[in-house]
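Everything below concerns the one structure shown next.
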Amino acid sequence: MKPSIRFTISLLLCAIAAAIPCKQAGAADDRIVIQFKLGSAAIQVNGQSMNFQEKPFIANNTVLVPLDAIVKSFGAEADFKEQGKISLIYRDNSIDLSVGSTKAYVNQEEVELPAAPAVKNNTTMVPLRYIAEKFGAVVSYDAKTGAVSAVSEDDGALTDLSFLTNSIGKDRVGNSYYQWSISVPKSSRVAASSFNSKFVSIENEHRGINLEISVSLNENEKMKLSDYYAKINENPADFVDSDNLGSSSINTKNDPAYIELLYNDSYDEAVIQRIYMNSSFIYNVKLSSYNETNPEELKDNPYYAGILDSFKLGYKGGVKEIEDLSKVKYGMSTYENYITFDNSNRYFVWELNVLPEWDVLKSNTLSPLFTRLGPSISENISVEISKPGEKKTVEEYGEYISGIYGSAFNPKAYTFIQKGMTTVAGNRAFNLVYDIKLGDSTYTVSEYFIQAGNLFYDLAVKAPQDKYKDRKEIYGKMLETFKFTDKNIEQLEKDIDNYNYQQDRNRVGKNGSLSEYQNKPYKWSIKIPGQWIKSNSFSNDTLSFTDDAFGLGTTVQAVELNSQNKASEDKDRFIIMKYVADKDGVSLVSKETDTDKGTQVRVYNYRWESPEDEIYADIKFYVLDREKYSYCVFQIMPDLLKSDKNLKDMKDIWTSFNPEG
Amino acid sequence: MEKKRLYAAAVIFVVFTLSFGPLANAGSSSSVGLNINGKPVDGLAKIIDGKLYIPADPVSSLLGIDVQWDSSKSSVSLSNAESNLSDVIKKVSPSVVGIIGKIKQESQNFISQSDNLEFGSGVIYKSEGYIITNAHVVSDMEKMVVVLSNGKAYAARLKAMDEQSDLALVKIDKGGLTPAVFGDASDICVGQSVIAIGTPLSFSLRNSATKGIISGINRTAEGEYRFIQSDAAINGGNSGGPLINMEGKVIGINSVKYTGFGVEGLNFSIPVDTVKYVMEHFEKYGKVRRPYLGAVFSEGVAARYGFPSDEGLTITDIEKDSPAQKASLQIDDVVMAVNGVKTTTMIDYNEYMKNYLPGDTVEFTVKRNEETIKIMVTFGESKS
């Protein structure tokens, strides 16, 4: 929100907070008072005398007053839904009454009134004591004088607005799941928190500071703080958001021990960062100041250093003075998925409970319809929403996908295990289980397809084979918590159709069959499967064709031959080759020369292996020269996709490539 | 249209002592022709005993001087409208509230990792805790809080909302509030001074009040009804708050939703008659029940530009099974009047429709193929 608005709101809230202690000043304002004498139609309501149409009277030993007196004094809401039925609401209580009946409902529970509500002279009369007491007033009746009063000292004014601002009411906050706690200055508020509370950001605009506590898993429980310290000093850029590390130190005397880093972040704000460790987690606690640009000064200020010094490990919850920011319930955290297409409509679509260590993983596709949650790329649950063009049942859809996998995947890397109908989270689902081999590791994938009207949800659990066997039960527990919305579905479907249309506009052909593409400026043509997407890579002379479902691709670059590049190496002449060859994990396997297309074609075979991104693929570059232009055709074939069909398709694409320049 | 500022029926004479010589003989009285700001006033000025007496009535209305006659005390007070300003604001302030809430996660305006608080203003409508504000202020709020001018805050709930008029009714469970005094359509006139009040901030009386004049009673690009156009600046803070006249009467509810972008001094408020129409429906039905026809109208070209015309509204589309179809209205029919009331613009039509409910029957005067015919139409219930 705009700073000016935020400033106004904080002023407003300060003003309210300041006004509240002045209870003495506005004391009369807080009390709710109904006062009258039996026999008179004049009732004192909150100090004002009001004349009602009917006088209060006694029935069954209890005083009945005009309903309006209660409405006007308490500010209660009275709705007449049906003739003779009154629904009274006052703050958190509701009372449903019927004229002529002593039966009533207080907060939906049946009760017996001392006297029935009545209508006299068009005025609805209700039992005062019963209602006023339920609404928190003290009722007194002086039989001698006939004076009745109902007084409540609390008019419902809010004293704590922290629910609005997420402001922290206590002096100390903590996370009972990740077991840390820290003291915070007054008027701090929680500005942001990840769904699993692994990351918490606390702002204090008055002091101009931001405090971030982020927790990550300690992969190596044997690692010592000093080892970690050495690692940081080797490559500080990997650990801090800054161009240079001001200074670093390690303090083993403190409990808990910490590594301290001082630097200026990318906003040039001074930052003191302390890193703590235990066998399960690594804690990064960052204090940054809006006002201070010198981290040393920040550290020398005992106020700021004091906040960091108050950080402790071991908090497990249940301490009155500490506000627990943990979002972990019964061992899991709820991830709510909101989808937005180009910041237009924003939909809450589905939610899933996952282990708190799980995070949202970066997706290699930019599709808003695909989300992956897990500790890593090798173990996760992904959810994809799709809207198939034709109507299908969930069985048809499941069989269709199963068929595609069968023909697209390399039989040496893909092992079908089983398929069939089952139930997941109370929904009928088509389950497809298979193993895939990536590099040297085998993973088990269990996909569930659920139908929701015109949409399909594809939930897929993926884990290394052994892990899958061990943790099948916990994955099942997580899947059972899957919930999806039925609100705004029509609008969501429209937006998905629109999104699909935008994607489809870039397809090579109208349907799946081979389509010829002609590049007139650079004089080449090629035949590509129609559903592949065409896009410009580096510049207009470079065009890429990708199968967005699986990641197969071909790129063609044409370079005009001139005196400068005629003598250069292919790798230097073609930027696509240079870009790929220089990547980490890419190595040249062999280089050949073939006679093809009426000339000498130089064929470069590369291998790309990147275990942390799970990439295992063969890369081929075909380079040939014509009179005016030199051409480079790049093809990538992931191991998983080396099915007979795909291998043939890729070969056919090369065969169809016709360079005439 | 003039609003009398006098508080007595009789014409009161005001003494004006002029510095130049005696204008008449002592002891005699004579009538003098009077002009105020170039306007001739019917010869009511008198010279009595050498002093010039000028009637307060035209002085008040033509020079903007407030005249108050306290008949019990037999005295008269004159005041200049400008000094009234803070008094008027003080009088109305207790009826103006601030509304804060958190934006719902499903809202387009929700920004993750932001505090997502939004706020606006409101006017107390009934002492038992009913508050009027804009629909757009509260439509995507959850956890709503109303803050009174004394700084006290109460949990609030949305009672009714009508996006077409941008009005909403909000309830807090607190009695003894000071409701605002509402004017009526006759209190709205072009040129009149008005004040837009918003979000009062606690005991320090840091009200946001902006002053301007009514520039016009107009239409906006998006609105269905007439709006008050003024140059009293309206912003997010006072949207939903009252537009008051110098008597402290609410003549409109400010809406930042309709403020012209990039155009200075173009601020719109919802007139009090639209507010009253909507509140009445909220109380009776919980929502606004507009008479539903099921036809799409197109205005004549002149009407779109605001020129006077006799063009009528052309029907360009009729919904299947709608009241329009049932009444045998056809595409290209031109609706000239409803129950004899001319409908040249959509605004005319919508404003006039405020008088009817679903189920009512009216007579449409329709031009079809050069012939003028009368068709009876019974309105249906709007689906939303």
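Below, chains carry the letters A, B, ... as their sequence lines are ordered, and counting in each starts from 1.
- Listed by chain and number, the residues in a side chain to side chain donor-acceptor pair (under 3.5 Å) with B/Ser322 amount to none (sequence neighbours excluded).
- The structure places NZ of B/Lys174 at 8.0 Å from OH of A/Tyr90, a figure rounded to the nearest 0.5 Å.
- Salt-bridge check for A/Arg91 with B/Asp173: failed, with every basic side-chain N at 4.0 Å or more from each acidic carboxylate O.
- Residues passing the salt bridge (Lys or Arg N to Asp or Glu O under 4.0 Å) test with A/Glu133, sequence neighbours excluded: A/Arg129.
- Only the side chain of B/Lys159 comes within contact range of chain A, with at least one heavy atom under 4.5 Å from a heavy atom of that chain.
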Problem set entry | side chain to side chain contact (heavy atoms under 4.5 Å, CB included) evaluation trace for B/Lys152 with A/Leu158 | CA-CA 7 Å; B/Lys152 291 178 73 176; A/Leu158 299 170; over 6 Å; no
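- Other residues, nucleotides and ligands contribute more than 12 heavy atoms inside 6.0 Å of the CG atom of A/Asn51.
- Ranking A/Ala157, A/Ser73, A/Ala76 against chain B, the residue ahead of the rest is A/Ala157, based on heavy-atom pairs under 4.5 Å.
- Proximity to chain A is absent for every atom of B/Leu177, based on heavy atoms less than 4.5 angstrom apart.
- Looking at every heavy atom in both residues, B/Tyr154 comes nearest to A/Asp155 through OH-OD2, 2.5 Å.
- The residues A/Glu77 and B/Lys171 are annotated as not salt-bridged, no charged nitrogen and carboxylate oxygen being separated by less than 4.0 angstrom.
- Using a 4.5 Å cut-off between heavy atoms, A/Val45 does not touch chain B at all.
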